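As structure tokens, the structure follows; a few thoughts come after it.
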There are 2 protein chains.
Amino acid sequence: MRILVIEDEIKVANFIKKGLEEEHYAVDTALDGESGLYMSEVNDYDLIVLDLMIPKIPGLDVLRRIRSNKNKVPILVVTAKHSAEDIVKGLDSGCDDYLTKPFEFKVFLARVRALLRRERVDAEPILKLADLILSPVTHRVTRGGKEIELTSKEYGLLEYFMRNPNKVLTRTMISEHVWDYHFDSMTNVVDVYVNYLRKKIDKGFEPKLIHTIRGVGYILSPDRP
Amino acid sequence: MRILVIEDEIKVANFIKKGLEEEHYAVDTALDGESGLYMSEVNDYDLIVLDLMIPKIPGLDVLRRIRSNKNKVPILVVTAKHSAEDIVKGLDSGCDDYLTKPFEFKVFLARVRALLRRERVDAEPILKLADLILSPVTHRVTRGGKEIELTSKEYGLLEYFMRNPNKVLTRTMISEHVWDYHFDSMTNVVDVYVNYLRKKIDKGFEPKLIHTIRGVGYILSPDRP
DNA sequence: CTTCTATAACGAGAATTCTCATCTGCAATT
DNA sequence: AATTGCAGATGAGAATTCTCGTTATAGAAG
């Protein structure tokens, strides 16, 4: 597995390189955006680790230009910036995961492994419906610009809805996707979670997005009577 | 998708056939073990639904004989028998899932879909280590013949251990397999669950099976100082 | 052998997930 | 329009999962 690390702080770059090499990855480093971009073009990497704060070409531009080359290599963004704005821009520009510095090396390694293993998600990294926005990478959700906190099951349910908008989803379909297959449909957990979700994403907002189709299931749609 | 239903009660057989056909499966029915076995040999099914209480050749024998033909078709056993013994025998004989009658049709359908989708598990359906036995299909665990109740995370952790016996597993390996990849290893959940598991499968039993490898992780092994 | 330090075990309580019983309201029928 | 039966909504509480702070212990160093 070949990995490119684009990072200007030499200490950090070497630390990452050394750590990855101990795990038997072949690692190249680039100390600025220009050389990083160049290396990404001439070599075929399995993963690129990209710092956003780098000289010559800013990280986000490197990201965009790698993607505009139709290069689908997984990119793990590493950034000291905590602001949601930068992260969202990163996601919009096509990074696959991100980590804010400082990070524990084992957390970093876990993400690297995950990205190398993960089947490429060619879909756009942001899902939108009306003013509801969901980012599958960060599991972050906003409606009308307001951040909405969801638990992990609630998130899973919403993501499934967002991936199938304007389509009626039966309880069976939902339970098979959001829960696992041994799921026992005797209970009404799905209803309960739809209820939880409604309280968080529809209550206090217009239009309502989750609608009940009596006798069939539920639908996520902005234009419904 | 072609499905064979081996079931002697004509009413039940027709009910299942009709229901599956509504879902666009092609369904054949056999009313006894002999014809069922014969049909399984001459045709190539994607799934077999097998009642255990059938005339001519008992269900369990049909199951064993299908398997002894090296036929790996998924088999969903349907049985009125509630006794653990029959179910365990069924699993030992190579069925992939089972349902006890009476069942809700939608539950049945969910299982059918799951089996048709599932990648074939060629491994033996029972995992053993010393007197600890785990059945991945039913998620049932016993030690020294005594049934042990595990929650789903505890079960997941134990299954991972049982699939990798006598091998040191790091916390990272565990968290990536038992939890999902966005898992944040800042916390000690893994330790906590190992602790829960020890209380259930080691406390009051000898030898101890879960051992700590200081600085590395944990190992499941019957012979350790 | 004793002390020290890093690592693991554990307890307690918070948050999430799930179950179940009851309530509400739609829509079919009279 | 009123009745009724049933699907869905909801509240309450149980079970599970997770977090975090404290205590215990192994192994290294003195």
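Every heavy atom of this structure was used, including side-chain atoms; hydrogens, water molecules and symmetry mates were not. Because the structure is predicted, anything quoted here is derived from the model rather than measured.
- Contacts of B:Asn195 with the nucleic acid, taken as non-hydrogen atoms under 4.0 Å apart, include base atoms.
- The nucleotide whose nearest atom lies closest to any side-chain atom of B:Tyr218 is, among D:dC18, D:dA9, C:dA8, C:dA8.
- When distances are taken from the side chain of B:Thr187 to each of D:dA9, C:dC20, D:dT19, the shortest belongs to D:dT19.
- Spacing between atom NZ of B:Lys208 and atom C1' of C:dA9 amounts to 15 Å, rounded to whole angstrom units.
- Nearest heavy-atom pair, A:Glu147 versus A:Thr142, reported as atom, atom and distance to 0.1 Å: CA-CG2, 3.9 Å.
- Nearest approach of A:Tyr196 to A:Glu154, heavy atoms of both residues: CB-OE2, 3.6 Å.
- Residue B:Arg171 places none of its side-chain N or O atoms closer than 4.0 Å to OP1 or OP2 of C:dT7.
- Put simply, the residue from B:Leu157, B:Ile174, B:Val190 that forms a side-chain contact (heavy atoms from CB on, under 4.5 Å) with B:Leu169 is B:Ile174.
- Closest approach of A:Tyr160 and A:Asn164 over heavy atoms only: O-ND2, 3.0 Å.
- To the nearest angstrom, C1' of D:dT17 lies 12 Å from NZ of B:Lys200.
- A:Asp46 approaches A:Val73 most closely through the heavy-atom pair C-CG2, 3.8 Å.
- For D:dG11, the OP1/OP2 oxygens have a side-chain nitrogen or oxygen of A:Lys199 closer than 4.0 Å.
- Rounded to whole Å, the distance from CD on A:Glu149 to P on C:dT16 is 8 Å.
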Give the C-alpha distance, both sets of side-chain angles, the deciding distance and a yes or no for side-chain contact (heavy atoms from CB on, under 4.5 Å) between B:Leu158 and B:Leu132. CA-CA 10 Å; B:Leu158 181 58; B:Leu132 181 64; 4.1 Å; yes

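- Proximity of A:Thr151 to the phosphate of C:dT17: a side-chain N or O atom is located under 4.0 Å from OP1 or OP2.
- Relative ring orientation between B:Tyr218 and B:Phe161 is described as perpendicular, the plane-to-plane angle rising above 60° on a 0-90° scale split at 30° and 60°.
- Atoms CG and CG, from B:Asn166 and B:Asp223 in turn, are 6.0 Å apart once rounded to the nearest 0.5 Å.
- The distance between atom OH of B:Tyr155 and atom P of D:dT17, rounded to the nearest whole Å, is 14 Å.
- Comparing the end axes of the helix from C:dC1-D:dG30 to C:dT30-D:dA1, each fitted to five base pairs by superposing C1' atoms of four pairs onto the next four, gives an inter-axis angle of 10° (nearest 10 degrees).
- The side chain of A:Lys153 lies closest to C:dC18, out of C:dC18, D:dG8, D:dT17.
- A:Val194 comes within contact range of no nucleotide atom at all, as no heavy-atom separation falls under 4.0 Å.
- B:Glu149 pairs by the side chain to side chain donor-acceptor pair (under 3.5 Å) definition with nothing, not counting sequence neighbours.
- The aromatic rings of A:Tyr193 and A:Trp179 lie perpendicular to each other, with more than 60° between the two planes, well past the 30° mark.
- If you measure from atom CH2 of B:Trp179 to atom P of D:dT16, you get 15 Å, rounded to the nearest angstrom.
- Note: CD1 (A:Ile210) to C1' (D:dG8) measures 14 Å, nearest angstrom.
- Look at CG on A:Asp202: it is 14 Å from C1' on D:dA9, rounded to the nearest Å.
- Each of B:Tyr196 and B:Asp191 lies near DNA chain C, and the nucleotide nearest B:Asp191 is the one positioned closer to the 5' end.
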Per-nucleotide protein contact along nucleotides 21-30 of chain D, 5' to 3', at a 4.0 Å heavy-atom cut-off (B base, S sugar-phosphate only, - neither), is B---BBS---

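- One can place CZ of A:Arg198 at 16 Å from C1' of D:dG11, the figure rounded to the nearest angstrom.
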